[in-house]
J.: 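One structure, as structure tokens, below. Some questions next.
Here, residue 1 is the first one in the sequence, and each next residue gets the next number. For the numbers below, each heavy atom of this structure counts, side chains included, while hydrogens, waters and symmetry mates do not.
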Amino acid sequence: MQIMYIADMFDPADIALHWVNRLSFLSRRALMDVFHQAGHKISAEEWAVLLMLWKSDGQGPGEISAQSMRDATTVTRLVDGMVRKGVVTRRESKKDRRRSEIWLTEMGRALQPELIALAMPVIGISLTGISASDMEVALRVLKQMTQNLQEAADKPGE
């Protein structure tokens with residue numbers, strides 16, 4: 001009797017999550033490459049935090065953790081590195097002294113136009129050959145997949 005493994009039952013190339021993972025890896029690598037070539041020692045993960053803070057400065061580590069889908073320990077380590085680089089600072093919350101908030105430094109704010117300008121060609125390359133209507137569908141599908149997995153994670157054991 002031949003034992004069939006689950007992996008033998010389907011081709012990963014037919015699974016959307018396979019392509020999401022590949023896209024994530026390639027986009028992180030491409031962003032880091034362009035940032036480093038321009039002299040910025042900013043990782044793709046730090047870029048993601050900067051995007052959040054450029055939109056809404058002064059967020060708590062818990063908010064960053066929730067938005068980035070990273071655990072608190074990873075966010076703490078990430079923010080520690082960003083503090084050492086001088087792009088963010090931690091401050092005591094004015095609302096609750098037990099909480100800290102992460103704020104952009106002048107350097108962190110000044111990076112916004114340059115890093116965005118560096119990232120735009122990477123984003124453009126990723127969109128080559130994709131129509132606006134296909135992109136709308138792709139975004140809708142990816143958002144729905146994310147929501148589905150988030151709802152499942154929020155209801156463990158069901």
Side-chain angles (χ1 to χ4, degrees), residues 4-83 85 87-88 101-105 107-158:
M4 179 177 268
Y5 294 98
I6 292 174
D8 294 334
M9 294 171 46
F10 53 86
D11 183 352
D14 295 333
I15 302 169
L17 292 178
H18 167 78
W19 294 105
V20 169
N21 186 52
R22 287 182 59 90
L23 176 61
S24 176
F25 174 81
L26 290 169
S27 63
R28 285 192 321 269
R29 185 173 66 188
L31 286 169
M32 283 182 52
D33 286 350
V34 298
F35 294 160
H36 287 197
Q37 287 169 9
H40 298 290
K41 301 299 183 211
I42 299 294
S43 71
E45 290 76 14
E46 292 168 334
W47 157 255
V49 172
L50 287 171
L51 285 172
M52 289 179 228
L53 293 174
W54 290 332
K55 186 174 181 182
S56 178
D57 203 4
Q59 296 185 49
E63 294 166 290
I64 293 171
S65 179
Q67 286 182 67
S68 67
M69 304 297 292
R70 302 224 185 281
D71 62 83
T73 303
T74 301
V75 169
T76 297
R77 195 169 35 250
L78 190 58
V79 169
D80 287 346
M82 294 174 76
V83 168
K85 291 176 183 180
V87 296
V88 298
E101 296 172 339
I102 312 306
W103 291 86
L104 292 162
T105 62
M107 179 193 297
R109 274 189 285 285
L111 285 172
Q112 184 177 8
E114 186 172 357
L115 292 182
I116 288 175
L118 290 167
M120 290 309 293
V122 173
I123 295 166
I125 290 167
S126 75
L127 297 174
T128 301
I130 300 172
S131 70
S133 61
D134 283 348
M135 196 63 232
E136 286 178 30
V137 171
L139 285 172
R140 188 171 59 249
V141 168
L142 290 169
K143 288 175 183 179
Q144 185 63 56
M145 290 172 71
T146 301
Q147 182 179 337
N148 294 344
L149 289 172
Q150 185 62 57
E151 288 173 0
D154 291 343
K155 300 183 226 173
E158 285 187 25

J.: Please name the pair of heavy atoms, one in H18 and one in A13, separated by the smallest distance, quoted to 0.1 Å.
T.: CD2-CA, 4.0 Å
J.: Can you list everything that forms a side chain to side chain donor-acceptor pair (under 3.5 Å) with T74? Sequence neighbours excluded, please.
T.: D71
J.: Quick one: pull up CG in D154 and CG in L149 and give me the separation to the nearest 0.5 Å.
T.: 11.0 Å
J.: At what distance, to the nearest 0.5 angstrom, does OG1 of T128 lie from CD1 of I123?
T.: 12.0 Å
J.: Taking the side chain as every heavy atom from C-beta outward, state whether M145 and L17 have any pair of such atoms under 4.5 Å apart.
T.: yes
J.: Give, for atom CZ of R77 and atom CZ of R70, the distance between the pair rounded to the nearest 0.5 Å.
T.: 10.5 Å
J.: In Å and rounded to the nearest 0.5 Å, what is the CG to CG distance from L118 to L111?
T.: 10.0 Å
J.: Of the non-hydrogen atoms in M52 and Q59, which two are nearest, and what is the gap between them?
T.: O-NE2, 3.0 Å
J.: When rounded to the nearest 0.5 angstrom, what distance separates CG in L53 from CD1 in I64?
T.: 5.0 Å
J.: Flag the pair E46 / V87 as yes when at least one side-chain heavy-atom distance between them is below 4.5 Å, and no otherwise.
T.: no
J.: What orientation do W54 and W47 show, parallel under 30°, tilted 30 to 60°, or perpendicular over 60°?
T.: perpendicular
J.: I need the I42 CD1 to M32 CE distance, nearest 0.5 Å.
T.: 10.5 Å
J.: Who are the side chain to side chain donor-acceptor pair (under 3.5 Å) partners of W103, not counting sequence neighbours?
T.: E101
J.: Could you list all the side-chain hydrogen bond (donor to acceptor under 3.5 Å, both in side chains) pairs where at least one residue sits in residues 138-147, not counting sequence neighbours?
T.: Q144-N148, Q147-E151
J.: Under a 4.5 Å cut-off applied to non-hydrogen side-chain atoms, are Q112 and L50 in contact?
T.: no
J.: If you compare all heavy atoms of P121 against all heavy atoms of A117, which two are closest, and at what distance to 0.1 Å?
T.: CD-O, 3.1 Å
J.: Can you tell me if CE on M120 sees more than 12 non-hydrogen neighbours from other groups inside 6.0 Å?
T.: no
J.: Does the S65 side chain pair with the main chain of P61, one donor and one acceptor, at a distance under 3.5 Å?
T.: no
J.: Residues in side chain to side chain donor-acceptor pair (under 3.5 Å) with S68, at least two apart?
T.: none
J.: Just to verify, what does D80 make a side chain to side chain donor-acceptor pair (under 3.5 Å) with, not counting sequence neighbours?
T.: R90
J.: Which pairs with one or both residues in residues 23-44 pass salt bridge (Lys or Arg N to Asp or Glu O under 4.0 Å), sequence neighbours excluded?
T.: R28-E45
J.: Do M69 and Q150 touch side chain to side chain, with heavy atoms closer than 4.5 Å?
T.: yes
